[in-house]
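Please read the structure below before turning to the comments.
Model, not experiment: these values are computed from the prediction. Residues: numbered from 1 along the sequence shown.
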Amino acid sequence: MEDNFEPTILTFCCNWCSYAAADSAGTARMQYPPNIHIIRCMCSGMVHPNFVMNALTQGRTDGVLICGCHIGDCHYQDGNKRAEKRAEAITLMLEDFGLEEERFRLEWISASEGPKFVEAAKEMTKTLKELGPNPYKS
């Protein structure tokens, strides 16, 4: 494994909470790794497991992070509960494809939790550096 390996992390952020947290972290000049590539979606519950599995098995990314509103605070009533159920399915699929479950992570981050977003980004980057490149990357 290369010592200078820098993982790419595809990050789905819900529009109402976690995207605002990432934005507030940037506005406050908090530093988080540039490995994070954010896709803004309306709700974490809209992120289909196929999006995650395709990104990983087609070698497009080393890990996927989904960030959404805290349970009970979803702007779409139960979207984050749907995301939680989908996360369970994703974890099972990762095993089927021979990928470590640490390549996927689900976090609840409210709009006011910029530091929590930064911490999740740092932790995910550290974990993926330890795991090494996605075996599906060519």
Side-chain angles (χ1 to χ4, degrees):
M1 178 175 23
E2 298 177 24
D3 289 335
N4 60 354
F5 165 66
E6 287 295 330
T8 57
I9 304 166
L10 185 61
T11 306
F12 292 95
C13 290
C14 82
N15 182 62
W16 305 104
C17 283
S18 56
Y19 187 83
D23 188 46
S24 70
T27 302
R29 299 185 189 274
M30 294 178 198
Q31 299 270 328
Y32 62 87
N35 311 65
I36 301 292
H37 301 278
I38 297 176
I39 295 178
R40 185 180 192 173
C41 56
M42 293 309 289
C43 178
S44 59
M46 296 175 79
V47 180
H48 196 277
N50 287 347
F51 296 159
V52 174
M53 295 311 299
N54 285 344
L56 289 168
T57 60
Q58 292 176 10
R60 300 183 190 281
T61 189
D62 295 296
V64 177
L65 173 62
I66 298 176
C67 301
C69 305
H70 287 277
I71 299 293
D73 288 336
C74 182
H75 284 71
Y76 298 98
Q77 295 178 340
D78 62 352
N80 47 16
K81 291 178 185 175
R82 180 180 301 128
E84 194 169 44
K85 288 179 183 169
R86 287 180 168 182
E88 293 169 10
I90 290 167
T91 302
L92 293 173
M93 285 188 267
L94 289 170
E95 184 181 337
D96 289 344
F97 282 91
L99 291 167
E100 302 91 343
E101 68 179 61
E102 292 85 5
R103 292 194 182 276
F104 171 72
R105 186 172 177 166
L106 176 63
E107 286 285 335
W108 307 128
I109 303 173
S110 74
S112 64
E113 294 180 313
K116 185 174 180 180
F117 180 83
V118 170
E119 189 59 32
K122 287 179 178 178
E123 287 174 8
M124 185 84 177
T125 302
K126 181 179 182 269
T127 299
L128 291 174
K129 280 186 175 186
E130 291 169 0
L131 286 176
N134 178 350
Y136 283 89
K137 275 189 168 179
S138 48

Would you sort out whether N35 and L128 count as a side-chain contact (heavy atoms from CB on, under 4.5 Å), showing the intermediate values?
CA-CA 10 Å; N35 311 65; L128 291 174; over 6 Å; no
At what distance, to the nearest 0.5 angstrom, does [atom1] of [X] lie from [atom2] of [Y]?
| X | Y | atom1 | atom2 | value |
| --- | --- | --- | --- | --- |
| L99 | M53 | CG | CE | 6.0 Å |
| T11 | F117 | OG1 | CZ | 5.5 Å |
| T127 | L65 | OG1 | CG | 10.5 Å |
| D62 | L131 | CG | CG | 9.5 Å |
| D96 | T91 | CG | OG1 | 11.0 Å |

Begin from the C-alpha positions of T8 and K137 and carry the test side-chain contact (heavy atoms from CB on, under 4.5 Å) through to its verdict.
CA-CA 11 Å; T8 57; K137 275 189 168 179; 3.4 Å; yes
Do [X] and [Y] touch side chain to side chain, with heavy atoms closer than 4.5 Å?
| X | Y | answer |
| --- | --- | --- |
| I90 | V64 | no |
| L94 | F104 | yes |
| S110 | D73 | no |
| L10 | R60 | no |
| I39 | F51 | no |
| E102 | E130 | no |

Joint cluster assignment, V47 & I9, ILVMFWY side-chain distance < 4.5 Å:
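No; I9 is not reachable from V47 via cluster members.
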In terms of hydrophobic clustering (I, L, V, M, F, W, Y; side-chain heavy atoms under 4.5 Å; direct or indirect links), are I36 and I109 co-clustered?
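Same hydrophobic cluster.
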Minimum-distance pair of heavy atoms, taken over all atoms of [X] and [Y]:
| X | Y | result |
| --- | --- | --- |
| H75 | C69 | ND1-SG, 4.2 Å |
| P7 | T125 | CG-O, 3.9 Å |
| K129 | E6 | NZ-OE2, 3.0 Å |
| K116 | E107 | CE-OE1, 3.8 Å |
| P33 | K122 | CD-CG, 3.8 Å |
| C43 | G79 | SG-CA, 3.6 Å |

With a 6.0 Å cut-off (strictly less than), is the heavy-atom count around [atom1] of [X], excluding the residue itself, greater than 12?
| X | atom1 | result |
| --- | --- | --- |
| M46 | CE | no |
| E101 | CD | no |
| Q77 | CD | no |

Listed once per pair and sorted, the side-chain hydrogen bond (donor to acceptor under 3.5 Å, both in side chains) pairs that draw on residues 78-88, sequence neighbours left out:
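Residue pairs passing side-chain hydrogen bond (donor to acceptor under 3.5 Å, both in side chains), neighbours aside: none found.
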Can you give me every donor-acceptor pair (side chain of residues 12-23, partner residue at least two apart or in another chain, under 3.5 Å) with its distance?
| residue | atom | partner | partner atom | Å |
| --- | --- | --- | --- | --- |
| N15 | OD1 | R40 | NE | 2.7 |
| N15 | OD1 | R40 | NH2 | 2.9 |
| W16 | NE1 | Y76 | OH | 3.3 |
| S18 | OG | C14 | N | 2.9 |
| S18 | OG | C67 | O | 2.8 |

For N134 and T61, indicate whether the former's side chain and the latter's backbone hold a donor-acceptor pair under 3.5 Å.
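A pair under 3.5 Å: yes.
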